[in-house]
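For reference, the structure discussed in these notes is given below.
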Amino acid sequence: MNENIITPELAARLADLYDRMAGAYDLVADELAFTCEGCDDNCCDSFFLHHTLIEWAYLWQGLGELPEEDLRMIRARAERYLAEAAAAMARGERPRSMCPLNQDGLCGLYRYRLMICRMHGVPAKITRPDGRAMQFPGCFRCQELTAGMARIPEVDRTELYRELAGLERELVESTGKGRPRIKMSIAEMIAAGPPR
Ligand code: SF4
Ligand code: SF4
């Protein structure tokens, strides 16, 4: 699968950024003594949409390394996911189906999982380019843990997001096309194939 638009250099820089995201997450999780262990929920069935070409391309770098049979199975699960999501939306409900990459409760493409998969869980904040601040309280279990705390540690996502936006810009410029409008679930990214 070497028609991927992401260069090895850009992929390495995204991998480094992803590592630092995970590191920032771990610092806060450690401070809170928070882990996903024993959670009855699995947020891999949460409905998230993703917006970057570079994450889509990098996801496909990982998918392209899988044995043919595994990829076929993941594609089939993605098709099922899309049918279930469409049915849920037709009923006016938010989709809640397991991510096609989840294998027996665990991420089957851990190294290539997307930014939100790395950041969801602990409290976070971000200052948007227009100066507006946004807060994320963390998942329901983390909110139970932090309830009543005088000072809640949080990940500041601002610089991490800025860097991701910079990498996205570089990739988009390298394609020679305009910035695409991306609003896709992981299942849609799988079903669509690698971005061109
Ligand atoms: S992030 Fe929260 S809701 Fe998701 S699996 Fe971990 S503990 Fe459970
Ligand atoms: S990519 Fe991995 S971590 Fe993210 S939702 Fe899918 S299975 Fe879960």
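From a predicted model like this one, the values you see are computed outputs, not experimental measurements. Just follow the structure's listing: the first ligand is 1, and inside any ligand the first atom is 1.
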Determine, stepwise, if the pair E55 / Y112 fulfils side chain to side chain donor-acceptor pair (under 3.5 Å). CA-CA 8 Å; E55 290 198 286; Y112 296 93; over 6 Å; no
[X] bridged to [Y] by N-O distance under 4.0 Å:
X: E31; Y: R151; value: yes
X: E188; Y: K183; value: no
X: D130; Y: R132; value: no

Main-chain N/O of M115 paired with R118 side-chain donor or acceptor, under 3.5 Å: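 Not at all, since once roles are kept as given, no pair shorter than 3.5 Å links the two residues.
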Check whether W56 reaches the backbone of I186 with its side chain - one donor and one acceptor, N or O, closer than 3.5 Å.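 No; zero donor-acceptor contacts below 3.5 Å.
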Suppose I only count heavy atoms of [X] and a 4.0 Å limit; which atoms of ligand 1 are within that range?
X: F34; answer: 2 (Fe), 7 (S)
X: R141; answer: 7 (S)
X: C39; answer: 3 (S), 5 (S), 7 (S), 8 (Fe)
X: C43; answer: 1 (S), 3 (S), 4 (Fe), 5 (S)

Atoms in ligand 2 with a heavy atom of C44 nearer than 4.0 Å: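 This gives 3 (S), 5 (S), 7 (S), 8 (Fe) as the contact atoms.
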Could R113 and Y110 be counted as a cation-pi pair, given that NZ or CZ must be under 6.0 Å from the ring centre and within 45° of the axis?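 Yes, a cation-pi geometry holds between R113 and Y110.
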Is L109 near ligand 2, meaning one of its heavy atoms is under 4.0 Å from it?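 Checking ligand 2 against L109, which is what was asked, there is no heavy-atom contact under 4.0 Å.
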N/O/S atom of C99 under 2.8 Å from atom 6 (Fe) of ligand 2, yes or no?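 Yes, C99 qualifies, because one of its backbone or side-chain N, O or S atoms lies under 2.8 Å.
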Between L106 and ligand 2, find which residue part has any heavy-atom pair under 4.0 Å and reply side chain, backbone, both or neither.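 Answer for L106: neither.
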So which bit of C36 gets within less than 4.0 Å of ligand 1, heavy atoms only: side chain, backbone, both or neither?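 Both of them.
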